[in-house]
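Next up is a structure, given as structure tokens.
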Protein chains: 2
Amino acid sequence: MSDKPSVIRETDGDARKQARDLMHTAAHAALAVIDPENGFPSVSRVLIAMDTDGVPVILVSGLSSHTKALGKDPRASVLFGEPGKGDPLAHPRLTVRCATQRIDRQGEAHERIRGRFLDRHPKSQLYIDFPDFCFFRLVPLDASLNGGFGKAYILSSNDLMMP
Amino acid sequence: MSDKPSVIRETDGDARKQARDLMHTAAHAALAVIDPENGFPSVSRVLIAMDTDGVPVILVSGLSSHTKALGKDPRASVLFGEPGKGDPLAHPRLTVRCATQRIDRQGEAHERIRGRFLDRHPKSQLYIDFPDFCFFRLVPLDASLNGGFGKAYILSSNDLMMP
């Protein structure tokens, strides 16, 4: 995202708010990682909750391919925003590039994140304490917002922080 | 996807049909590529149509980051399947690893794919002939189907072909 073609608009308060709303209200998202076996990009659906500082968190099984991938390469990108009715590209969406951080089950962050995750996803109680499951924080590096046709923005991690 | 933990079920006719249905009825999907500038995975939303042989096709702008990425590295993966109401992970989804093929605007495939794309996305008429737009075929290599909790399958490209 280092090149800025002229189609990229100047980031303003409305764009920041739209991006934050997409990220902070999401119940799920598409997570892209690098498959460590062959370098292929890989994308899958994950449940999303939000840590107290506004950083998205995911709960994943150690058996899943994305968990294995993040163990080898912490780089990820996450697509937020669901298409509603009509043209899927007319609905806003946000791609956030993230540095992922695995949460130690014994650390103090785990209990806080577990509580917040349960609040948003009560049904995760069925598996949230399975021994192979763990949380990752998805710390935003930068983001690309597409607010609909012709409304493209590039945002910094600061732009995504809560005001 | 070369390792098969025991949680992977034996692929059967129902799994093949579910995977094909997810891929062939999709209007949009999440496309993951490798950013050629820094090796990061990148994910974005794309419109999907289907070529006559069942291979998914996308129409993308040359200005978009995924188009630039595919010009450097044709490997991609695509997430099909939309969550409906309730738990997002209870709804089936399919990750397809693909080798992408750029469609030459002068070749005979272009007119065929253009027609099929317009049939599924009539509003794309507004930009389908813009000079910087082009089609890619997303030729499936293999796929991972998650049909809901505990229903994981690995499928070959043959499994995804129309019966």
Side-chain angles (χ1 to χ4, degrees), chain A residues 1-3 5-8 26-35 37-48 61-66 68-69 73 75-79 81-83 86-98 121-124 126-127 141 144 146 149 152, chain B residues 1-3 5-8 26-35 37-48 61-66 68-69 73 75-83 86-91 93-98 121-124 126-127 141 144 146 149 152:
Chain A
M1 303 187 197
S2 63
D3 56 339
S6 58
V7 295
I8 302 295
H28 62 89
L31 174 77
V33 298
I34 304 280
D35 185 328
E37 288 185 26
N38 47 40
F40 243 84
S42 182
V43 56
S44 53
R45 180 162 297 135
V46 287
L47 293 185
I48 295 279
S61 158
L63 297 172
S64 70
S65 58
H66 44 238
K68 292 172 188 165
D73 187 336
R75 298 178 296 177
S77 85
V78 192
L79 175 64
E82 280 188 271
D87 189 333
L89 295 193
H91 296 270
R93 63 271 185 195
L94 177 76
T95 296
V96 182
R97 295 201 311 166
C98 306
H121 301 289
K123 286 185 182 167
S124 69
L126 294 169
Y127 51 86
L141 301 173
S144 170
N146 191 319
F149 292 112
Chain B
M1 302 187 198
S2 64
D3 57 339
S6 57
V7 295
I8 302 295
H28 62 90
L31 174 77
V33 298
I34 305 280
D35 184 327
E37 288 185 26
N38 47 40
F40 244 83
S42 183
V43 57
S44 53
R45 179 161 298 135
V46 287
L47 293 184
I48 296 279
S61 157
L63 297 173
S64 70
S65 58
H66 44 239
K68 292 172 187 165
D73 187 334
R75 299 178 296 178
S77 87
V78 192
L79 175 64
F80 296 98
E82 280 187 90
D87 189 334
L89 295 192
H91 295 270
R93 63 272 186 196
L94 177 75
T95 296
V96 182
R97 294 202 310 166
C98 305
H121 302 288
K123 287 185 183 168
S124 69
L126 293 170
Y127 50 86
L141 300 172
S144 170
N146 192 319
F149 291 112

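Protein chains get the first letters and strands the later ones, always in sequence-line order, with residue 1 at the start of each. For the numbers below, each heavy atom of this structure counts, side chains included, while hydrogens, waters and symmetry mates do not.
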Quiz prompt | With B:D87 via side-chain contact (heavy atoms from CB on, under 4.5 Å) - residues at least two apart | solution =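 B:D87 satisfies side-chain contact (heavy atoms from CB on, under 4.5 Å) with A:L47, A:K123, B:L89, B:A90, B:F149 once adjacent residues are dropped.
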
Quiz item: Sequence neighbours excluded, which residues qualify as salt bridge (Lys or Arg N to Asp or Glu O under 4.0 Å) partners of B:R75?
Solution: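 Scan of B:R75 (salt bridge (Lys or Arg N to Asp or Glu O under 4.0 Å), adjacent residues dropped) gives B:D73.
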
Quiz item: Which of the residues B:G39, B:A27, B:A30 is involved in the greatest number of heavy-atom pairs with chain A at under 4.5 angstrom?
Solution: B:G39

Quiz item: If you round to the nearest 0.5 Å, how far is CD of B:E82 from CZ of A:R45?
Solution: 8.0 Å

Quiz item: Of the non-hydrogen atoms in B:S42 and A:S77, which two are nearest, and what is the gap between them?
Solution: CA-OG, 3.2 Å

Self-check item: Contact leader toward chain A among B:N146, B:V43, B:L126, where contacts are heavy-atom pairs under 4.5 Å
Solution: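 Most pairs with chain A among the choices: B:V43.
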
Quiz prompt | Reported CG-to-CZ distance for the pair B:D35 and A:R97, which is rounded to 0.5 angstrom | solution = 6.0 Å

Quiz prompt | Interchain contact, A:I48 with chain B, by part (heavy-atom threshold 4.5 Å) | solution =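 Interface part for A:I48: neither.
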
Quiz prompt | Among the listed options A:A152, A:A32, A:G81, A:P83, the residue most often paired with chain B at heavy-atom distances under 4.5 Å | solution = A:P83

Practice problem: Heavy atoms only: give me the nearest B:F40-A:L141 pair and the separation to one decimal. | Solution: CZ-CD1, 3.5 Å

Quiz prompt | Shortest non-hydrogen separation from B:A76 to A:P41 and the atoms involved | solution =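 For B:A76 versus A:P41, the nearest heavy atoms are CA-CG, 3.8 Å.
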
